[in-house]
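Not measured: the values here are computed from a predicted model. Chain identifiers are assigned alphabetically (A, B, ...) following the order of the sequence lines, protein sequences preceding nucleic acid strands; residue numbering begins at 1 within each chain.
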There are 2 protein chains.
Amino acid sequence: MATMHDVARLARVSVSTVSYVLTGARPISQATRDKVRAAMAELDYQPHAMARGLASRRSRILGLLLPIDDRGLGATETAFVTGAASAASAAGYHLVLSPVDADDLDGLRRLASQRMLDGALLMEVQLDDDRVAVLREAGVPLVLIGRTGDTTDLSYVDIDFDRTVRDAVAHLVGLGHRRIVYVNHSAATIAEGYGPALRTRDAFAAAMAEHGVEPLMIPAEDSAAGGRAALATAFDRAPDLTAVLAMNERAVFGILGGLAGRGLTVPDDVSVVSMVTSPQVAELATPALTAMTSPGSALGRIAVEALLRHLELDSAPIHQELLPCTLEVRGSSGPPGRPTPDTTGEADAADPEASGTTSKNTARRRAATRRRA
Amino acid sequence: MATMHDVARLARVSVSTVSYVLTGARPISQATRDKVRAAMAELDYQPHAMARGLASRRSRILGLLLPIDDRGLGATETAFVTGAASAASAAGYHLVLSPVDADDLDGLRRLASQRMLDGALLMEVQLDDDRVAVLREAGVPLVLIGRTGDTTDLSYVDIDFDRTVRDAVAHLVGLGHRRIVYVNHSAATIAEGYGPALRTRDAFAAAMAEHGVEPLMIPAEDSAAGGRAALATAFDRAPDLTAVLAMNERAVFGILGGLAGRGLTVPDDVSVVSMVTSPQVAELATPALTAMTSPGSALGRIAVEALLRHLELDSAPIHQELLPCTLEVRGSSGPPGRPTPDTTGEADAADPEASGTTSKNTARRRAATRRRA
DNA sequence: CTGAAAGCGCTAACAA
DNA sequence: TTGTTAGCGCTTTCAG
């Protein structure tokens, strides 16, 4: 493997000259530049990453710090990771994937002290995240994916949950829905202060209030079963619901299944909109899910670009950006069915199921009514 | 940041001694070892990754080379990536994510020549993959994820498609299914020699032959629509089918939707088994998909471990391993409905739909028959 | 069992 | 505009 010395010798210049044509850190005459370039080409020269890193104190390596949770990465996170990798690669940087437990602060400190990372992207940021302080102490520039509670002097890129919820609600209200249930993450997740769950909860309440309708939020475990359970609760508390807005990619499929199990049709009986969802996942459902598409890879790219700006220019301004998810209407949302006419009171009484007061019956009835029409 | 010199001075030993207690490359007396350890602790010493890399010619960085296709990574690939990252991390290595176009051989050569990678994992290996030669020329040890056509002298880890198909077929045949349709990737994908598609196709034919039943394979685009189209074709060519085995995670959801659209129930009317599928995805379906669970993160871990063995010991033997996907029975598979009794011939004739010869009718009829029972 | 010192391949003063 | 050279922080002979 050719070294810079070889190139210098062949081009009959000094090593520093070779170095300078490479880095462009000082002007080199066209003539020598050409000589050097030719020599490099002839020798298939490639600068030695470690040597360069040691001498320049810049590794050109970025760290992507992702907590390793049991359930692995979702489609959105994956898109983020690949987006970040592409952006880094395009800028001549490398991206290392560092799985560090969120509470393994020592491990993080060790990683940061190895001086291998020029900067870091912090994924799955908690509202109060100790990792930030550790990284700062170690002098590692960073950009958050998500937000801590206090974002003073912190660069971050995050989803604009407020706007996303607002847009989703506007879509449903625009279609004529009034009784919309918001299915969030689990109560435990909310209790431990998971930002997106809290932010969307509040945004939902605000958005519904703006439209003058009453908000109803129901937590759900991150699973199909959780979705089904949430749906049951939803029908208990709001038998007349016509739309579900779900912030829970896993639960939403359970909701779909639960709806089908009740003999309800999507979107004729109930509209379903999924928040922060990738097109790939949205299209797995039948009908395909109307969803707020997460800007996964864009987030990754923007985060990397912001981080690089901090590296190039130490005085670069803090970058705080929120990207909304964009509404993509697919098959799971539509105008609500007309409400059970009051005039059908008699028919209801005659219905053998009418003695049961569960939402299930109400909904079924409504659906059946519409089908007859 | 403390350097090795600082540690040496504080411990009153030479730098080389410090280095040796760190690497263990030569015996050190317990007494000095303790002194050095104490000094390191006191100074919060962390070896400088680049300096160490330059001097030792080992970066302790592994590369994960993934072609950036438009559609991004699936759940299986993602599990693989995180599995690899964890394994590398556990072994004190770093994993860099290098998105390199499969046909950007120069880019790959450049990457390899930077001497930043001690070794590489090659994802989405083609049957004939030029990247292998490039990496070998550059002297970068590698482990394939997947297999090239000729695997001489090559270490690889791959899914045991043959066994996986065999197990899946055995499951269905064991349940009593005789008419099983195999939904593969698209014709184009097969034509371009995509290994998994070819291997499973052949394995399916062989497995069916072993059971003395006739194989039927249908290609499908990687989308829900592709799945629906494939289902239509399937019913045309095998109106009496009772089970679908799908090698296409995207299409399988379309198949499910198509089945529901025809008024067919899973698994009562048609059983569906999905190949090489993650539990997360399998559980999105209703009913949850019986699937051959891909050993995603195990693949990643094993690949890294094999690669590390090559790095530690240049003479380490080639590692070639196939991991089967394991059958996980969920709700989408069950015994076939009983075939339309021959004695119902008259009823068939009376059925207004019976004049149509589409599979749809046949299947519907059968389903209806069972429901009446 | 330990130390001294020569690099690893490059960058960036400093000097011309 | 170019060259000389002193490191960057560590590993690893070579000596003792």
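For R26(A) against dG3(D), a side-chain-to-base donor-acceptor contact under 3.5 Å is present. Interface remark: the S16(A) side chain does form a donor-acceptor pair with the dT4(D) base, using a distance-only criterion of under 3.5 Å. Put simply, the side chain of R57(B) and the base of dT11(D) share no donor and acceptor less than 3.5 Å apart. No donor-acceptor contact under 3.5 Å links the side chain of R12(B) to the base of dG3(C).
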Check your understanding: D34(B) and R37(B): salt bridge (Lys or Arg N to Asp or Glu O under 4.0 Å), yes or no, with the steps?
Key -> CA-CA 5 Å; D34(B) 289 345; R37(B) 285 267 158 73; 5.6 Å; no

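Atom P of nucleotide dT12(D) and atom CG of L54(B) are separated by 12 Å, given to the nearest angstrom. Nucleotide dC10(C) holds its C1' atom 14 Å from the CE atom of M40(A), rounded to whole Å. In this structure, M1(B) places its CE atom 16 Å from C1' of dC10(D), rounding to the nearest Å. For the pair L22(B) CG and dG9(D) P, the interatomic distance rounds to 15 Å; values are reported in whole Å. Summarising the geometry, the separation between CE on M4(B) and C1' on dC8(D) is reported as 14 Å, rounded to the nearest angstrom. Going from atom OH of Y20(B) over to atom P of dA15(D) covers 14 Å, rounded to whole Å. For the pair H5(B) NE2 and dG3(C) P, the interatomic distance rounds to 13 Å; values are reported in whole Å. Between Q46(A) atom CD and dC10(C) atom C1' there is a gap of 14 Å when expressed in whole angstrom units.
Within the 4.0 Å cut-off from OP1 or OP2 of dC10(D), at least one side-chain nitrogen or oxygen of Y45(B) is found. OP1 or OP2 of dG3(D) has at least one side-chain nitrogen or oxygen of S14(A) nearer than 4.0 Å. Checking the phosphate oxygens (OP1, OP2) of dG3(C), a side-chain nitrogen or oxygen of T17(B) falls inside 4.0 Å. R52(A) has a side-chain polar atom (N or O) that falls below the 4.0 Å cut-off from OP1 or OP2 of dT11(C).
If you check every strand for non-hydrogen atoms under 4.0 Å, V13(A) touches sugar and phosphate atoms only. Nucleic acid contact for T3(A): sugar-phosphate only, since backbone atoms but no base atoms lie under 4.0 Å from a heavy atom of the residue.
Distance CG/D160(A) to CD/E321(A): 10.0 Å, rounded to 0.5 Å. How far CZ of R60(A) is from CE of M116(A): 15.0 Å, rounded to the nearest 0.5 Å.
In the set dT12(D), dA13(C), dG7(D), the nucleotide with an atom closest to the side chain of A55(A) is dG7(D).
Side-chain atoms of Q126(B) come within 3.5 Å of backbone N or O of E124(B) as a donor-acceptor pair.
Checked options D158(B), L127(B), V125(B), I159(B); the residue passing with R147(B) is D158(B) (criterion: side-chain contact (heavy atoms from CB on, under 4.5 Å)).
Against DNA chain C, the stretch residues 27-35 of chain B makes heavy-atom approaches under 4.0 Å through P27(B), I28(B), S29(B), T32(B).
For the residue pair S294(A) and C325(A), the shortest heavy atom distance occurs at CA-SG, 3.7 Å. Across all non-hydrogen atoms, the minimal contact from A75(B) to S278(B) is CB-OG, 3.3 Å.
Using modelled atom types and a 3.5 Å distance limit, the side chains of S14(A) and T17(A) yield a donor-acceptor pair.
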